[in-house]
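All remarks here apply to the structure that follows.
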Amino acid sequence: MSLRDLTAAEQVAALAAGKVTSLELVDAHLAAVASDEVGAFLAVDPDRARARAREIDALPERPPLGGVPIGIKDALSTRDLVTTAGSRMLEGFRPVYTATCVQRLEDAGAIVVGKTNMDEFAMGSSTENSAYHPTRNPWDHTRVPGGSSGGSAAAVAQRQVPWSLGSDTGGSIRQPAALCGIVGMKPTYGAISRYGLIAFASSLDQVGPFARTVRDAALLLRHMVGRDPMDSTSLDMPEAIALPVASDLRGLRVGVVDELMGEGVEPGVRDAVGYALRMVEALGGTVVPVSLPTTPLGLATYYVLAPAECSSNLARFDGVRYGPVVDDDTLLDQYERTRGELFGPEVRRRIMLGTFALASGYYDQYYGRAQRVRTLIVREFSAAFDQVDLLASPTSPTVAFPLGARTADPYSMYLADVCTIPVSLAGLPAISIPCGLSGGLPVGLQLAGPAFSENRLLGAAHALEQALAFDTLPPGLVT
Ligand code: GLN
């Protein structure tokens, strides 16, 4: 067994017991990062990681996360470590500060080994919109890892790091976790500071963990949550994140969302999710059908609101305030060339969509109406949680699709998030856990709960994970 087969919690325990040093752990993982067969990383800083490991090994007492390596999505700013958000627009950009969530993890003893690949500015579902290179799915190198946090998901599935951070606006943690056979969680909106997260759609963006076990996800989350004076939308959790221990689901009522189990969901995905739901009952929970009639409008609502917010957030990338500049005769020509040449096609499409939706004369017809539908979706979720404790659905309607299969058709790419987007619009916490295979590829189960029900979600996901006993080792991976 290699050090890379240890879960993060096991690595923390091995460090505490003096069985291994942080430098040994960092070196074992850096070697796997160096031979990056799946293209999970954009930037790696071995010297910085080793120096930090030596420092932690020399401390009289180990910090809570012991000196365990981590990968960070390139949307999160890291001081002096190149941060590009997967875009040419930020090529070579070295932030002057570190995102609060990353800083909190570093303070707790996590060691950043590198920055992971992503769809440009987190727009996409396959990581193929990265301006640098695509990332491959560790289960099948001809397929996508999902996105936009595909690098972070692939790095964990490939055991290059035991855990990583992603960001989720409409599904970018949960969907790649599902496609790569690992755990991914999007906490309640506001639970984790967004300070230092390069903004896509601010009313939706949330940072969250990827890991191979629910317990590891909880451990990481525990050290990131809580109010940050630098992000006025961040909040304190009503209770600390607990490490899950539940082994049954007695008394838990799980609602299965009718609208997310029907058309468009692959039979193999439906079967694996059905198996997990029978397991919920075997563990003492009850499963009831629930209808959320407005959720089918979620995708359309999101594709008005998210582009609208992005068109505003990305205005700052003009070659003057940020990014390289493409010179031209007049200032206007310079702006146009910089933004036209350094943003990729999907980002330009979103900016144009969003600008259109916000134009006076259309504002009420698109943006105003989408906001009203969002409110309906929020109310439907809240009514559902009067009847059930958690809601279940597939995370993604399909397993990982082949590289290139959807790049020519943006709408088919957007459909990858049909199950995750409604939860994002409602700002609720949700977790994806692997629940089986379809055609040899992982299937994810999404569990969503009311705001701040992280402990309930993690507990249920942990109990189910034990019962499902999914093997997260991709075929052919030799650690
Ligand atoms: N795939 C969705 C999009 O392209 C969601 C992305 C995300 O959550 N960042 O917008």
- Message: Nearest 0.5 angstrom please: S396 OG to Q446 CD, how far?
- Response: 10.5 Å
- Task: Kindly indicate whether the side chain of D409, heavy atoms from C-beta on, has any atom under 4.5 Å from the side chain of M413.
- Result: no
- Item | Derivation and outcome, salt bridge (charged side-chain N to carboxylate O under 4.0 Å, His left out), residues R337 and D327 | CA-CA 8 Å; R337 283 202 53 191; D327 231 338; over 6 Å; no
- Does the side chain of I70 come within less than 4.5 Å of V113's, by heavy atoms? no
- Query: Got a sec, which residues hit side-chain hydrogen bond (donor to acceptor under 3.5 Å, both in side chains) with T472, two or more places apart in sequence or on another chain?
  - Reply: R159
- Any side-chain donor near an acceptor of the partner, S130 and E120, under 3.5 Å: no
- Residues in salt bridge (Lys or Arg N to Asp or Glu O under 4.0 Å) with R212, at least two apart? none
- Query: Just wondering, do L305 and R374 contact through their side chains at under 4.5 Å, heavy atoms?
  - Reply: yes
- The reported gap from CZ in F210 to OG1 in T116 (rounded to nearest 0.5 angstrom) is 8.0 Å
- Is it true that atom OH of Y322 has more than 12 heavy atoms of other residues, nucleotides or ligands lying nearer than 6.0 Å? no
- Please indicate whether R79 has more than 12 foreign heavy atoms, meaning atoms of other residues, nucleotides or ligands, lying under 6.0 Å from its CZ. no
- Would you say the side-chain atoms of T479 and D5 include a donor-acceptor pair closer than 3.5 Å? yes
- Task: Report the residue from S424, S432, S149 that forms a side chain to side chain donor-acceptor pair (under 3.5 Å) with R174.
- Result: S424
- Query: What is the distance from atom CG of L23 to atom CZ of R50, rounded to the nearest 0.5 Å?
  - Reply: 7.0 Å
- Task: Start with the C-alpha distance between S125 and D417, add both sets of side-chain angles, then the distance that settles side chain to side chain donor-acceptor pair (under 3.5 Å), and finish with yes or no.
- Result: CA-CA 8 Å; S125 303; D417 291 301; 2.8 Å; yes
- Query: Is any side-chain heavy atom of D45 closer than 4.5 Å to a side-chain heavy atom of D47?
  - Reply: yes
- Message: Quick check for you: to the nearest 0.5 Å, what is the distance between R350 atom CZ and E309 atom CD?
- Response: 12.5 Å
- side-chain contact (heavy atoms from CB on, under 4.5 Å) partners of A392, counting only residues at least two apart: V254, L277, L445, L447
- Note on the structure: Rounded to the nearest 0.5 angstrom, the CG-CG distance for L260 and L391 is 9.0 Å
- With a 3.5 Å cut-off and no angle check, do the side chains of S193 and D228 form a donor-acceptor pair? yes
- Verify the ring-centre separation between Y302 and Y414: is it less than 6.0 angstrom? no
- Item | Test: K115 and D74 ion pair at under 4.0 Å | yes
- Query: In a check of side chain to side chain contact (heavy atoms under 4.5 Å, CB included) between I182 and each of V156, T213, D216, which one passes?
  - Reply: V156
- For the rings on F317 and F121, is their centre-to-centre separation under 6.0 Å? yes
- When rounded to the nearest 0.5 angstrom, what distance separates CZ in R215 from CD in E10? 10.0 Å
